[in-house]
Asker: 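Here it is: the structure, laid out below.
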Amino acid sequence: MSTSPPRPETTAADIWVDPRCPWAWITSRWMLEVEQVRPLETRFHIMSLSVLNEGREVPEKYRQGMIDGWACVRVCIAAQQNHGNEVLRPLYNAMGRLIHHEKAGLGHDMIRAALQEAGLPADLIDAADDSSWDEKLRAEHHEGMDPVGSEVGTPVIHVPGPDGTPLAFFGPVLTPAPRGEAAGTLWDAVLAVAGTDGFFELKRGRDRDPIFD
């Protein structure tokens, strides 16, 4: 009588994203692909590019996005606080699709559509213009970002290291998202470099715009 080999233990990976970042969107699509070929569970959290860039000089073309970007992350935090962290996954998926594929912008109409798609109460839209959510937003932001320093953006990923000690890193930044076993191979490589003591940076210039496919 044969027995099936034990299933490998699932690794929980926490990813911090701002719905308006196209690079974080692509990385999150890769993570969901990795879930299909590796024992991985991706848990979503919210950071804010508007918080990250407060007080910094940013190019003019990004300034309006910093203003408009508050609404969707406030709604995400309100949804998390009222309905549990697990709702961030469908809400972020809905916002990301609307923003990056449907080009629906960052306004209230996009947020209302995302709430409906995620099966969340419509009155969460009230959080969009409510700065009282900013304290909890900043706490969530710093929980993800502080371990990797202030010179990075989104995505940031936290995973258990080889000895169980948490590892936190920025990236990977990539386009398009690898599929199938290629996604798993990249995940294996990312874990290998992130788990190497003293490894800090691997980078090259981007030669293409985000590809959503």
Side-chain angles (χ1 to χ4, degrees), residues 5-54 56 58 73 76 80 85-86 88-89 92-93 96 100 137-213:
R7 297 184 64 183
E9 183 178 351
T10 299
T11 298
D14 295 280
I15 183 171
W16 271 259
V17 289
D18 184 319
R20 68 186 175 98
C21 178
W23 298 103
W25 174 249
I26 294 169
T27 300
S28 72
R29 301 308 89 186
W30 163 66
M31 294 286 285
L32 298 186
E33 192 74 14
V34 175
E35 288 184 342
Q36 305 305 309
V37 293
R38 296 292 186 273
L40 180 73
E41 176 193 2
T42 306
R43 300 184 300 202
F44 286 82
H45 304 268
I46 296 298
M47 64 81 70
S48 168
L49 292 171
S50 299
V51 171
L52 183 70
N53 291 310
E54 279 182 314
R56 297 180 179 181
V58 297
V73 291
C76 286
Q80 176 203 53
N85 197 79
E86 64 274 8
L88 286 182
R89 180 167 175 144
Y92 174 74
N93 285 343
H100 303 297
L137 169 62
R138 292 176 193 277
E140 175 86 352
H141 171 96
H142 285 291
E143 181 183 356
M145 303 303 294
D146 287 356
V148 294
S150 61
E151 298 305 315
V152 300
T154 179
V156 160
I157 296 172
H158 295 195
V159 293
D163 62 356
T165 302
L167 298 173
F169 52 88
F170 165 65
V173 177
L174 69 164
T175 195
R179 304 294 183 183
E181 184 58 26
T185 299
L186 178 59
W187 176 250
D188 298 339
V190 167
L191 290 184
V193 297
T196 299
D197 184 47
F199 183 91
F200 296 110
E201 188 169 352
L202 177 68
K203 189 173 182 179
R204 58 185 173 188
R206 302 176 195 171
D207 61 1
R208 67 192 76 172
D209 292 329
I211 298 171
F212 309 119
D213 62 357

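Just so it is clear, the model here is predicted, and its values are computed rather than measured.
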Asker: Would you please indicate if the ring centroids of W16 and H141 are separated by under 6.0 Å?
Answerer: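 No - the distance between ring centres of W16 and H141 does not fall below the 6.0 Å cut-off.
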
Asker: Do any pairs count as a ring-ring contact (aromatic ring centres under 6.0 Å, His included) and have a residue in residues 179-204, sequence neighbours left out, and if so which ones?
Answerer: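 Sorted pair list: W30-W187.
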
Asker: Any heavy-atom pair between the side chains of P147 and P166 that's under 4.5 Å?
Answerer: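 SC-SC contact between P166 and P147 ruled out.
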
Asker: Can you tell if the side chain of M145 reaches within under 4.5 Å of the side chain of V51, non-hydrogen atoms only?
Answerer: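 The answer is no; the side chains never approach within 4.5 Å.
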
Asker: With D163, which residues qualify under side-chain hydrogen bond (donor to acceptor under 3.5 Å, both in side chains), at least two apart?
Answerer: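 For D163 the side-chain hydrogen bond (donor to acceptor under 3.5 Å, both in side chains) partners, ignoring immediate neighbours, are T165.
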
Asker: Specify the closest pair of heavy atoms between P19 and H100, including all atoms of both residues, with the distance to one decimal.
Answerer: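 Shortest heavy-atom contact: O-NE2, 2.9 Å.
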
Asker: I'd like to check C21 versus L49 (side-chain heavy atoms, cut-off strictly below 4.5 Å). Are they in contact?
Answerer: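 Yes, their side chains come closer than 4.5 Å.
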
Asker: Report yes if some heavy atom in the side chain of T154 is under 4.5 Å from a heavy atom in the side chain of W23; otherwise report no.
Answerer: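 They are not in contact (no side-chain heavy atoms under 4.5 Å apart), so the answer is no.
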
Asker: For the pair E35 (side chain) and T42 (backbone), establish whether a donor and an acceptor sit closer than 3.5 Å, ignoring hydrogens and angles.
Answerer: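 Yes.
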
Asker: Taking all atoms of both residues into account, what is the closest heavy-atom pair of A13 and M31, and its distance?
Answerer: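 That would be CB-CE, 3.7 Å.
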
Asker: If every non-hydrogen atom of G144 is compared with every non-hydrogen atom of H158, which pair is closest and at what distance?
Answerer: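 Result for this residue pair: O-NE2, 2.9 Å.
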
Asker: With the side chain counted from C-beta on, respond yes when R29 and N93 share a heavy-atom pair under 4.5 Å apart, and no when they do not.
Answerer: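 Yes - at least one pair of side-chain heavy atoms lies under 4.5 Å apart.
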
Asker: Mind checking whether S28 and F44 have side chains closer than 4.5 Å, heavy atoms only?
Answerer: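 Yes, close enough: below the 4.5 Å cut-off.
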
Asker: Can you tell me how far CG of L52 sits from CG of D18, rounded to the nearest 0.5 angstrom?
Answerer: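 Between atom CG of D18 and atom CG of L52 there are 9.5 Å.
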
Asker: Would you indicate whether the side-chain heavy atoms of L191 and T11 approach each other to under 4.5 Å?
Answerer: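 Sidechains of L191 and T11: no contact.
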
Asker: Measure across A24 and V17 and return the closest heavy-atom pair with its distance rounded to 0.1 Å.
Answerer: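 Smallest interatomic distance, heavy atoms only, reads CB-CG1, 3.9 Å.
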
Asker: What heavy-atom pair brings I26 and P176 nearest, and what distance separates the two atoms?
Answerer: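 Of all heavy-atom pairs spanning I26 and P176, the closest is CG2-C, 4.2 Å.
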
Asker: Rounded to the nearest 0.5 Å, what separation is found between the CD atom of E151 and the CD atom of E201?
Answerer: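 One finds 11.0 Å between CD of E151 and CD of E201.
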
Asker: Can you name the one residue among H45, E86, E140 that meets side chain to side chain donor-acceptor pair (under 3.5 Å) with Q80?
Answerer: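 Checked H45, E86, E140 against Q80; only one passes side chain to side chain donor-acceptor pair (under 3.5 Å): E140.
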
Asker: Run R38 and E181 through salt bridge (Lys or Arg N to Asp or Glu O under 4.0 Å) and show every step you take.
Answerer: CA-CA 9 Å; R38 296 292 186 273; E181 184 58 26; 2.7 Å; yes

Asker: Determine the minimum heavy-atom distance between P22 and F212, stating which atoms define it.
Answerer: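 Taking every non-hydrogen atom into account, CB-CZ, 3.6 Å.
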
Asker: Side-chain contact test, heavy atoms from C-beta onward, threshold under 4.5 Å: evaluate it for V159 versus F169 and give yes or no.
Answerer: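 A side-chain contact under 4.5 Å exists here.
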
